[in-house]
Amino acid sequence: MNILNSDILNIDVNQKTINSVIYFHGVGIHSGKAVNMKLIPAQENFGIIFKRVDLEKDNLIKVDVNNIEDSRFCSKLKNNKGVFVSTIEHLLATLHALDINNLLIEINSSELPAMDGSSNEFTNKINEIGIKMQKIPKKIVKIQKTISVRLGERFIKVDPSASLSFTVKINYPNTLIGKDKYCYTHNKHNFLNEICYARTFCMSKDVTKLRAYGYGLGGNLNNAIVVDENKLLNSSGLRCKQEFVKHKVLDCVGDFYMCGLPIIGKFHASEPGHELNNKLLKKIFKNKDNFKIVESNSFQPYFPMQNNILTNINVA
């Protein structure tokens with residue numbers, strides 16, 4: 001069997017970085033501050049590390065489960081000196097999907113730029129620059145047993161699997177968003193075609209409350225979908241059907257790369273959010289019986305025959 005487009009399926013066994021430096025500029029959706037960010041190629045086994053260049057010391061924050069800081073409205077990492085970086089989920093979703101394992105991210109603020117409220121711009125720029133294959137096999141986190149967490153009626157659980165997938169339900173009664181469900185199997189092809197462009201969203205009635213707590217100060221109709229009960233305030237409309245629930249899936253893809261390694265498991269969630277996702281990830285790594293770290297050259301993934309993702313495979 002000759003695989004012509006192995007990057008579509010995320011089955012390359014070796015680590016990856018980007019070909020050259022990439023620059024981003026924007027506004028933090030919560031801080032409202034202008035942000036400059038630079039993605040820099042890194043060597044094998046470097047991992048993904050943020051560097052706060054606005055600070056002179058203690059400014060490195062590694063993407064690692066031990067650095068996850070509980071946060072409700074965005075995902076946040078904090079080092080042991082208390083230095084943090086937030087709203088990282090959309091960039092991490094892109095890195096997860098493009099299978100990038102080693103990267104230095106220089107940023108002059110505590111929050112990433114919101115861009116258009118999705119992963120689309122991050123993904124497009126990295127694809128334009130290109131990805132460099134490295135020489136050392138990557139490692140993968142494989143779930144070994146069923147693990148779950150719950151907050152009231154909301155919950156998320158993960159089961160052992162041979163691929164990464166998410167089944168996500170949302171419920172916003174008496175609103176345009178309503179009740180919805182989406183099933184997603186993770187690979188580069190599906191990420192690009194199904195979820196990377198799905199934008200963050202909020203209810204207009206919550207904007208004042210968010211800002212009173214210091215959140216959403218940089219939010220606007222260019223980087224978020226805003227819903228007023230049964231009316232969409234964005235004149236451009238939605239980008240696709242099920243954009244709301246697709247964005248929740250996108251957040252999950254990013255949040256579960258906060259351990260710093262690709263993860264393999266079958267996730268089911270009802271009304272997930274960053275704090276719920278973070279709790280599950282911490283619970284997974286709390287007990288070594290819950291997971292196994294394997295080298296990708298010893299791991300045989302399973303790719304379901306759906307969505308025509310195997311059309312570029314020839315069987316000899």
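Basis for what follows: all heavy atoms, side chains included, without hydrogens, waters or symmetry-related copies. Because the structure is a prediction, the values reported are computed rather than measured. Position 1 is the first residue of the sequence; numbering continues from there.
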Decide side chain to side chain donor-acceptor pair (under 3.5 Å) for Asp289 and Gln144; before the verdict, give the C-alpha distance in whole Å, the side-chain angles of both, and the deciding distance to 0.1 Å. CA-CA 7 Å; Asp289 293 334; Gln144 296 290 93; over 6 Å; no
Evaluate Val294 against Ile264 for side-chain contact (heavy atoms from CB on, under 4.5 Å), listing each step before the verdict. CA-CA 11 Å; Val294 298; Ile264 299 297; over 6 Å; no
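Formation of a donor-acceptor pair under 3.5 Å by the Asn108 side chain with backbone atoms of Asn36 is found in this model. No side-chain donor-acceptor contact under 3.5 Å links Arg154 to the backbone of Leu276. At least one donor-acceptor pair closer than 3.5 Å links the side chain of Asn230 to the backbone N or O of Leu176. Panel note: side chain Asp99, backbone Pro262; no donor-acceptor pair is recorded below 3.5 Å. Remark: side-chain polar atoms of Asn278 are not paired, donor with acceptor, to backbone N or O of Asp70 under 3.5 angstrom. Of the possible donor and acceptor atoms, one in the side chain of Asn101 sits under 3.5 Å from a partner among the backbone N and O of Lys16. One N or O on the side chain of Asn190 and one on the backbone of Thr185 form a donor-acceptor pair closer than 3.5 Å. With hydrogens and angles disregarded, a donor-acceptor distance shorter than 3.5 Å links the side chain of His247 to the backbone of Thr200. In terms of modelled atom types and a separation under 3.5 Å, the side chain of Glu44 and the main chain of Lys135 share a donor-acceptor contact. With hydrogens and angles disregarded, no donor-acceptor distance shorter than 3.5 Å links the side chain of Gln15 to the backbone of Asn102.
Side-chain N/O atoms of Asp116 and Ser118 include a donor and acceptor closer than 3.5 Å.
A tilted orientation is assigned to the rings of Phe256 and Phe166, their planes being inclined by 30° to 60°.
Using a 4.0 Å cut-off between charged side-chain N and carboxylate O, Arg199 and Glu243 make a salt bridge. A salt bridge is defined here as a Lys NZ or Arg NE, NH1 or NH2 lying under 4.0 Å from an Asp or Glu carboxylate O, and Lys248 with Asp180 fails to meet this definition. A salt bridge does not link Lys76 with Glu69: every distance from a Lys NZ or Arg NE/NH1/NH2 to an Asp or Glu carboxylate oxygen is 4.0 Å or more.
When the shell of 6.0 Å around NZ of Lys62 is examined, it contains more than 12 heavy atoms from other residues, nucleotides or ligands. Counting heavy-atom neighbours within 6.0 Å of Lys266 NZ, excluding the residue itself, gives a total of 12 or less. For NZ of Lys125, the number of neighbouring non-hydrogen atoms (other residues, nucleotides, ligands) closer than 6.0 Å is greater than 12.
Residues Ala93 and Ser119 share a closest heavy-atom pair of CB-OG, 3.8 Å. Heavy atoms only, all atoms of each residue included: Cys202 and Val207 are closest at SG-CG2, 3.9 Å. The minimum heavy-atom distance linking Leu112 with Thr87 is given by the pair CB-O, 3.4 Å. Nearest heavy atoms, Leu77 versus Ile61: CB-CG2, 3.7 Å. Of all non-hydrogen atoms in Val168 and Cys252, the two that sit nearest each other are CG2-SG, 4.5 Å.
Considering CG of Asn171 and NZ of Lys179, their distance stands at 5.0 Å, rounded to 0.5 Å. Distance check: Cys259 SG to Phe291 CZ gives 9.0 Å after rounding to the nearest 0.5 Å. We find the NZ-CG distance between Lys57 and Leu55 to be 10.5 Å, quoted to the nearest 0.5 Å. Here the CE-CG distance, from Met37 to Leu91, works out to 5.0 Å after rounding to the nearest 0.5 Å.
Note on Ile147: it clusters hydrophobically with Phe285, by side-chain heavy-atom contacts below 4.5 Å among ILVMFWY residues. Note on Val249: it clusters hydrophobically with Ile263, by side-chain heavy-atom contacts below 4.5 Å among ILVMFWY residues. The same ILVMFWY cluster, assembled from side-chain heavy atoms under 4.5 Å apart, contains both Leu39 and Ile129. The cluster map of Ile, Leu, Val, Met, Phe, Trp and Tyr, joined by side-chain heavy atoms under 4.5 Å apart, puts Val65 and Ile293 in the same cluster. Cluster annotation: Ile100 and Leu261 are assigned to the same hydrophobic cluster (Ile/Leu/Val/Met/Phe/Trp/Tyr, side-chain heavy-atom contacts under 4.5 Å, transitive).
With sequence neighbours excluded, the residues satisfying side chain to side chain donor-acceptor pair (under 3.5 Å) with Asp54 are Arg52. Here Ser71 pairs with nothing under the side chain to side chain donor-acceptor pair (under 3.5 Å) rule; sequence neighbours left out.
For the side chain to side chain contact (heavy atoms under 4.5 Å, CB included) with Ile225, the lone residue among Leu232, Leu233, Ile177 that qualifies is Leu232. Among Phe24, Tyr23, Phe191, the one residue that satisfies the ring pair (Phe, Tyr, Trp, His ring centres under 6.0 Å) test with Phe122 is Phe24.
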